[in-house]
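One structure is given below, encoded as structure tokens.
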Number of protein chains: 2
Amino acid sequence: MTATTPIRVVQWGLGAMGQGMAKLIAAKDGLDLVGAIDVNPALDGKDVGEVLGTDPLGVSVTTDPASILDSSKVDVVTIATTSWVRDQIADLRTIITAGINVVSIAEEMSCPEAQNPDLAKELDDLAKKHGVSAVGVGVNPGFVLDHLVVALCSGNQEVTHIEARRVNDLAPYGQTVLRTQGVGTTPEEFKAGVADGSIVGHVGFPESIRLISDALGLGVDSIEQHIEPIIAKVARPARDRTVEPGQVAGCNHTAVGRRGGDEVIRLIHPQQVAPEAEGQETGDFITITGVPDIAMSTGPEIAGGKATAGICVNTIPRILAATPGLKRIIDLPSPCALMGPSAYERR
Amino acid sequence: MTATTPIRVVQWGLGAMGQGMAKLIAAKDGLDLVGAIDVNPALDGKDVGEVLGTDPLGVSVTTDPASILDSSKVDVVTIATTSWVRDQIADLRTIITAGINVVSIAEEMSCPEAQNPDLAKELDDLAKKHGVSAVGVGVNPGFVLDHLVVALCSGNQEVTHIEARRVNDLAPYGQTVLRTQGVGTTPEEFKAGVADGSIVGHVGFPESIRLISDALGLGVDSIEQHIEPIIAKVARPARDRTVEPGQVAGCNHTAVGRRGGDEVIRLIHPQQVAPEAEGQETGDFITITGVPDIAMSTGPEIAGGKATAGICVNTIPRILAATPGLKRIIDLPSPCALMGPSAYERR
């Protein structure tokens with residue numbers, strides 16, 4: 001595959017994240033955006049550029065996947081429709097059965113065997129049958145709290161414990177994201193929201209732990225998660241509100257992976273608005289205990305929205321070069337920014 | 001490949017680094033150390049454990065590679081004999097022609113096409129002919145200033161510039177290493193040593209730049225290197241000496257990769273004894289300019305000797321699972337610590 005024969009991509013899902021992916025696909029020389037799918041009938045037939053707020057792209061949105069999923073015209077579908085494998089499985093079947101490769105940003109798809117082993121097996125079998133590959137990626141899960149951890153262990157002779165922490169700022173996000181983290185609730189409402197499933201915290205810890213454990217062979221056999229409210233001590237400004245002192249500023253979500261009762265992996269992901277207001281810097285922090293010990297940090301955190309769209313698009317050449325079946329980021333050469341022809345080659 | 005059928009490994013070269021690799025191979029459940037090769041006739045016939053200072057391993061050192069390189073008994077050779085492709089090529093031909101995979105820690109082997117394109121082509125053809133794979137890795141090149149950079153760009157939509165800096169401490173090293181960095185020389189002796197090739201600085205910048213450029217498609221078309229002495233301002237203690245003020249404490253080696261005259265990659269690797277004596281912390285520092293910007297650091301630096309032996313051994317399952325030919329770290333799923341059975345599986 002060279003830049004003279006661009007990879008033909010269909011974007012499925014034109015929400016905020018899907019639009020970011022479509023823009024990126026349209027911008028890259030080695031990729032051709034050849035179609036777009038969305039469930040919204042208001043978008044049916046519109047030029048994708050109109051939806052993206054760019055110049056016309058000469059490609060229309062369709063609400064009918066079957067009308068464009070022709071393997072002689074499409075190499076890969078990038079799909080951004082949900083966080084959950086069970087909600088995406090029918091669409092994944094449609095894509096794979098059409099003989100087309102797929103890169104998903106559904107959090108659970110980064111490692112579907114973690115919580116959906118039956119569907120993972122089905123996807124692997126189906127992809128092998130049709131000679132194509134499927135993978136899930138994203139900033140997290142799929143990169144910062146798993147792939148980057150694994151890459152940092154490239155030279156480790158031993159690893160006895162891993163702690164990875166991602167501190168981000170939700171202030172730029174809208175109501176949909178803030179609601180799932182309980183931002184602006186009272187502590188009582190937060191507790192009730194966690195109990196009724198409306199406050200979910202981070203989606204992807206079991207997947208990240210499984211990815212790390214499988215890559216290193218750490219043998220994690222149990223996972224425990226904790227969700228606690230982060231109570232604002234000072235007023236914290238967000239895009240569309242201010243969180244007042246005493247209100248919930250976000251959700252401190254942690255997960256621990258154990259092997260035979262011993263903790264081997266601890267992942268920590270407090271998601272909140274304006275942590276700087278209380279002196280907490282944002283960033284990604286990975287501590288590996290082993291031979292050698294490694295302490296890594298980024299500051300600020302690797303920007304989530306941009307990196308999720310980025311890693312999905314960057315994975316396209318990797319999944320095209322992969323053997324058939326269900327893959328995970330740990331099974332592929334690392335994706336990276338697609339800045340020129342050699343980024344699309346693989347040997 | 002599962003832990004019940006260990007991978008059979010021969011270690012070629014039993015210098016300091018080769019001994020570290022042999023110990024690690026012997027210690028891992030999924031690997032069997034089935035032989036060792038060294039040029040030193042004093043080691044011929046000795047139990048490898050005796051050379052390593054461990055219990056007997058039931059495996060003898062040989063000075064005759066042909067006597068043990070049988071592809072029905074050996075899956076992979078790990079080789080630690082030199083930094084240079086031209087000095088290793090005859091041994092690599094011997095291994096590959098015997099139908100055996102090889103992982104090298106020769107710095108130039110991390111990307112032989114950077115400075116030895118003719119030999120890279122020969123190795124690729126030869127490996128494909130014999131159905132095996134070859135790769136070079138190490139802490140640097142092969143990990144910190146290239147593979148880790150690429151992995152950090154996993155989610156980048158754009159990358160316009162990369163700066164990576166590795167600040168390490170040579171104090172624990174012996175005369176062989178210190179001499180190549182000019183430690184303890186006068187500024188005049190340093191200049192003369194650089195001119196006559198006895199002071200080489202870091203080996204591997206052209207390889208790291210080529211790896212990054214190829215992975216991201218940055219199109220680097222020229223590379224420039226600079227070597228400057230680091231003059232001690234205060235007394236700096238090392239393992240076997242003290243570097244006095246005014247003497248050379250090490251070598252500040254930098255390399256710049258350009259595309260059409262524009263700098264796109266800058267790698268900086270000052271190697272010196274006791275940088276802390278003058279307030280300089282050791283660590284690895286990577287700054288990516290793009291979408292998003294990323295600033296990463298480790299402190300201290302990822303330990304070089306341990307990580308070189310580690311990444312070589314960790315790459316064994318990856319090179320066994322690879323398609324035939326000459327590979328680079330950017331062509332393989334990331335190696336990582338081998339802590340249990342699933343670390344040896346690949347799909």
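Chain letters run A, B, ... following the sequence lines, proteins first and then strands; every chain starts at 1.
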*Heavy-atom distance under 4.5 Å to chain A: side chain of Val313(B), backbone, both or neither?*
neither
*If you measure from CD1 on Ile302(B) to CE on Met296(A), what distance do you get to the nearest 0.5 Å?*
9.5 Å
*Donor-acceptor under 3.5 Å (Gln157(B) side chain, Ala309(A) main chain)*: no
_Which one wins on heavy-atom pair count under 4.5 Å against chain B: Gly299(A), Gly310(A), Gly20(A), Gly283(A)?_
Gly310(A)
*chain B: which of Asp293(A), Thr315(A), Val137(A), Leu152(A) shares the most heavy-atom pairs with it under 4.5 Å?*
Leu152(A)
*Using non-hydrogen atoms and a 4.5 Å limit, figure out which bit of Leu24(A) sits close to chain B: side chain, backbone, both or neither.*
side chain
*Would you call Lys28(A) and Glu158(B) a side-chain contact if the rule is heavy atoms closer than 4.5 Å?*
yes
*Give the member of Ala321(A), Ala307(A), Cys312(A), Ala303(A) that has the highest number of heavy-atom pairs under 4.5 Å with chain B.*
Ala307(A)
*Measure Leu332(A) against the heavy atoms of chain B and call it side chain, backbone, both or neither at under 4.5 Å.*
backbone
_From CE (Met339(B)) to OG1 (Thr160(A)), nearest 0.5 Å_ = 7.0 Å
*Any chance you could measure Ile286(A), atom CD1, to Thr298(B), atom OG1, to the nearest 0.5 Å?*
11.5 Å
*Determine the option with the most heavy-atom pairs under 4.5 angstrom with chain B, choosing from Ala295(A), Gly290(A), Ser297(A).*
Ser297(A)
*Among Ala151(B), Ala215(B), Ser334(B), Ala337(B), who wins on heavy-atom pairs under 4.5 Å with chain A?*
Ala337(B)
*Largest heavy-atom contact set with chain A, pairs under 4.5 Å, which of Ala27(B), Gly219(B), Ser154(B), Pro300(B)*: Ser154(B)
*asked:* What part of Ser213(B) gets within 4.5 angstrom of chain A, counting heavy atoms only: side chain, backbone, both, or neither?
replied: backbone
_Pairs of heavy atoms under 4.5 Å with chain B: top-ranked of Val149(A), Ile311(A), Asn156(A), Leu216(A)_ = Leu216(A)
*Heavy atoms only, distances under 4.5 angstrom: which of Asp214(B), Ile294(B), Ile288(B) has the most pairs with chain A? Name it, please.*
Asp214(B)
_From Cys336(A) atom SG to Ile212(B) atom CD1, the distance as rounded to the nearest 0.5 Å_ = 10.0 Å
*Would you say Glu276(B) has more than 12 foreign heavy atoms packed within less than 6.0 Å of its CD?*
yes
*Heavy-atom pairs under 4.5 Å with chain B, option from Pro292(A), Pro317(A), Pro335(A) with the top count*: Pro335(A)
*Contacting region of Leu338(B) [heavy-atom separation from chain A under 4.5 Å]*: backbone
*Which region of Val139(B), side chain (C-beta onward) or backbone (N, CA, C, O), has a non-hydrogen atom less than 4.5 Å from a non-hydrogen atom of chain A, or is it both or neither?*
neither
*May I ask you to check whether over 12 heavy atoms, not counting those of Glu281(B), lie within 6.0 Å of atom CD?*
no
